[in-house]
Amino acid sequence: QVQLGESGGGLVQAGGSLRLSCATSGRPIGSYVMGWFRQAPGKEREFVASINWSGRSTSYADSVKGRFTISRANAKNTVYLQMNSLKPEDTAVYYCAAAAYMSDSARDFHSWGQGTQVTVSS
């Protein structure tokens, strides 16, 4: 298995940017599909983005397409989420996760970080 830890969250104004990082240990992240999910207060956890083993294939939720970019640096065992043009509705706890294959379902991801808070003010 792989252990995950997110960082980079914070408070920004609408229209601003943040870059989240997910540092990993245990197994090389090249062995896994990596994804980002988020959960707002009172709502279910939702899919944000995922990236395959090589980084050549990515998937995004419609709500973040054109604004967020997922990337991975396998040699550094790190995955990133660049978030631009942030909106108040992006406010949530963001989680990094690992899976065996490409999926947009949280149930398919077997390893999770503890999350990092992103707050976007109006």
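What you see below is based on every heavy atom in this structure, not just the backbone, and it leaves out hydrogens, waters and symmetry mates.
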Working to the nearest 0.5 Å, report the span between [atom1] of [X] and [atom2] of [Y].
| X | Y | atom1 | atom2 | value |
| --- | --- | --- | --- | --- |
| Thr58 | Lys65 | OG1 | NZ | 9.5 Å |
| Ile70 | Tyr60 | CD1 | OH | 6.5 Å |
| Ser111 | Leu4 | OG | CG | 6.0 Å |
| Gln114 | Ser7 | CD | OG | 12.5 Å |
| Arg38 | Glu44 | CZ | CD | 14.0 Å |
| Ile51 | Ser71 | CD1 | OG | 6.0 Å |

Hydrophobic clusters here meaning ILVMFWY residues chained together by side-chain heavy-atom distances under 4.5 Å, can you tell me if [X] and [Y] are in one?
| X | Y | result |
| --- | --- | --- |
| Val120 | Leu20 | yes |
| Met34 | Phe37 | no |
| Val93 | Phe109 | yes |
| Val79 | Met102 | no |
| Tyr95 | Val64 | no |

What do you reckon, are the aromatic ring centroids of Phe47 and Trp36 less than 6.0 Å apart?
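No.
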
Any donor and acceptor pair, going by atom type alone, linking the side chain of [X] with main-chain N or O of [Y] inside 3.5 Å?
| X | Y | value |
| --- | --- | --- |
| Thr91 | Thr119 | no |
| Glu6 | Cys22 | no |
| Thr24 | Asn77 | yes |
| Ser105 | Ser103 | no |

Kindly indicate whether the side chain of His110, heavy atoms from C-beta on, has any atom under 4.5 Å from the side chain of Tyr32.
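Side-chain contact under 4.5 Å: yes.
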
With a 4.5 Å heavy-atom cut-off, do Trp53 and Val33 have their side chains touching?
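When only atoms from C-beta onward are counted, Val33 and Trp53 do touch, with a gap below 4.5 Å.
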
Cation-pi check, Arg45 to Trp112: give yes when NZ or CZ is under 6.0 Å from the six-membered ring centre and within 45° of the ring axis, no otherwise.
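The answer is yes, since Arg45 meets both limits relative to Trp112.
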
If every non-hydrogen atom of Val118 is compared with every non-hydrogen atom of Gly9, which pair is closest and at what distance?
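Minimum heavy-atom contact is CG2-CA, 4.1 Å.
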
Taking all atoms of both residues into account, what is the closest heavy-atom pair of Pro88 and Ser122, and its distance?
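The answer is CG-OG, 3.7 Å.
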
Contacts table for residues 80-87: side-chain donor-acceptor under 3.5 angstrom, sequence neighbours left out:
| unit_1 | atom_1 | unit_2 | atom_2 | d |
| --- | --- | --- | --- | --- |
| Gln82 | NE2 | Asn84 | OD1 | 3.0 |
| Asn84 | OD1 | Ser17 | OG | 2.9 |

Within the 3.5 Å criterion, strictly below it, is a donor on Asn52 or Ser57 matched to an acceptor on the partner's side chain?
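Checked: Asn52/Ser57 side chains show no N/O donor-acceptor pair below 3.5 Å.
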
Would you say that more than 12 heavy atoms from the other residues, nucleotides or ligands in this model lie under 6.0 Å from the CD of Glu89, or not?
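Atom CD in Glu89 is crowded, with more than 12 foreign heavy atoms closer than 6.0 Å.
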
